[in-house]
Chemist: 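Can you keep this structure in mind? I'll have questions shortly.
What you see is a predicted model; the values in this text were computed from it and never measured.
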Amino acid sequence: MNIREALATVPREAFIPDEIFVPGGNGWLVPLRRSEHPDRWREHVAADEAVVTRTGFDPDVPPELRDASTGRGVEATSSSSAPFIMARLLEALELEPGLRVLEIGTGTGYNAAVLACLLGSENVVSVEIDPVAAARAREATRAAGYPVQVIDGDGERGHPPGAPYDRVIVTASARAVSRAWLEQTREGGTVLVPWAPTFHPDWPLCRVTVGPGATGEGRFLGPSPFMPLRGRRVRPRAMDEAEERWKKAGRPDCTRYGLTVTAEGQRVWLDSPDNVIA
């Protein structure tokens, strides 16, 4: 079975909660409940787009301006990724039968279930920092027939009891590759990380091959926008400054960038590891 077939086999609808969040007339996120608007709910779930499943208040919006009833100040904290983005990441993993995968960020559990469809539930471990989301995902994957192991915890620490893994896939944007992900991956394995816009505005996907001693090196692939890991949000000003530096560099394509990770730290480079930019 290939990735497209797995996406078609695992029903996305089974993993989306009754209440989702959509832009209201003012642009803020407001709830849309399946019980109240079943046709609109199904339309959003069937679309090849992200579906927001959990929200919180934007910390940059002053408390006195926040209003849950109108959605003012509300931002997405968890979502079901657009299927075409899921496919892009899964293809980049270069999966083979029998590989063990650690997923960082379970979300709804849909991506974990697709991985289980491809590799077997026994070969998939997923870590979710939000205990409510983890409980829902655990129930949804079991009900759908893909009982992967869903762990409540901080994904940046990985899950040592299940190591070593052949692949690590991160389903939230990061600003660095966690040492734990490298340490828990077999030498020659792959760590796949959507990157926050700290040097390029396309939110590029980074594919790192793990080397000896939990080192790693890889290249950035195409755009792959994801919500940030908990507590790893990039402030708008920092994103604007990064984009200005990118423009001054001649707007290079994200595929020209690479990453090297050693025990001393990590380096983002352009064209060659000798040309470090961050």
Chemist: Nearest heavy-atom pair of V10 and A113: which atoms, and what distance?
Modeler: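 Where V10 meets A113 most closely, the heavy atoms are CG1-CB, 3.9 Å.
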Chemist: Does a side-chain N-to-carboxylate-O contact under 4.0 Å join E13 and R34?
Modeler: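 The answer is yes: the pair qualifies as a salt bridge.
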Chemist: If you define the side chain from C-beta out and look only at heavy atoms, does anything of L102 sit under 4.5 Å from H159?
Modeler: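 SC-SC contact between L102 and H159 confirmed.
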Chemist: With a 6.0 Å cut-off on the ring centroids, do F15 and Y146 count as close?
Modeler: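 No, the ring of F15 stays outside the 6.0 Å limit from the ring of Y146, centre to centre.
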Chemist: Looking at D60 and R235, does any basic side-chain N land under 4.0 Å from a carboxylate oxygen?
Modeler: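 Result for this pair is yes, salt bridge flagged.
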Chemist: Counting C-beta onward and ignoring hydrogens, is there a side-chain heavy-atom pair between L93 and L115 closer than 4.5 Å?
Modeler: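 Answer yes - side chains close enough.
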Chemist: Output all residues satisfying side-chain contact (heavy atoms from CB on, under 4.5 Å) with E36, sequence neighbours left out; order by chain, then residue number.
Modeler: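 side-chain contact (heavy atoms from CB on, under 4.5 Å) list for E36, sorted by chain: R33.
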Chemist: Is there a side-chain contact between Y257 and W195 in this structure, where contact means two heavy atoms from C-beta onward sitting under 4.5 Å apart?
Modeler: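 Answer no - side chains too far apart.
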Chemist: Let me see the working for Y165 and L99 under side-chain contact (heavy atoms from CB on, under 4.5 Å), right down to the final yes or no.
Modeler: CA-CA 8 Å; Y165 305 97; L99 294 184; over 6 Å; no
Chemist: Side chains of residues 116-125: which donor-acceptor partners sit under 3.5 Å, not counting sequence neighbours?
Modeler:
residue : atom : partner : partner atom : Å
N123    : ND2  : L119    : O            : 2.8

Chemist: Could you tell me whether a side-chain N or O of W246 sits under 3.5 Å from a main-chain N or O of P252, the two making a donor and an acceptor?
Modeler: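 Pair found, side chain donor or acceptor close to backbone of P252.
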Chemist: Contact between R40 and V22 at the side-chain level, heavy atoms closer than 4.5 Å - yes or no?
Modeler: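 When only atoms from C-beta onward are counted, V22 and R40 do touch, with a gap below 4.5 Å.
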Chemist: A side-chain contact here means heavy atoms from C-beta on lying under 4.5 Å apart; do V177 and W181 qualify?
Modeler: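 The answer is yes, as the side chains (C-beta and beyond) meet within the 4.5 Å cut-off.
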Chemist: Are the charged groups of D58 and R233 less than 4.0 angstrom apart, N to O?
Modeler: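 Salt bridge: yes.
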Chemist: Is there side-chain contact between D152 and R138, with at least one heavy-atom pair below 4.5 Å?
Modeler: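 Contact flag for D152/R138 side chains = yes.
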Chemist: Using a strict cut-off of less than 4.0 Å between a Lys/Arg side-chain nitrogen and an Asp/Glu carboxylate oxygen, indicate whether E241 and R237 qualify as a salt bridge.
Modeler: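 Counted as a salt bridge, because a side-chain N and a carboxylate O are separated by less than 4.0 Å.
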Chemist: Side chains of T260 and W269: any donor to acceptor distance under 3.5 Å?
Modeler: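 Side-chain D/A pair, W269 to T260: present.
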Chemist: So which heavy atom on E75 is nearest to which on P59, and how close?
Modeler: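 Here E75 and P59 meet closest at OE2-CD, 3.5 Å.
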Chemist: Scan residues 83-105 for pairs that pass side chain to side chain donor-acceptor pair (under 3.5 Å), counting only residues two or more places apart or in two chains.
Modeler: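 Of all non-adjacent pairs touching residues 83-105, those that pass side chain to side chain donor-acceptor pair (under 3.5 Å) are E103-N111, E103-S126.
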Chemist: Side chains of Q184 and V168: does their closest heavy-atom pair fall under 4.5 Å?
Modeler: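 In short, these two side chains do not touch, never coming nearer than 4.5 Å.
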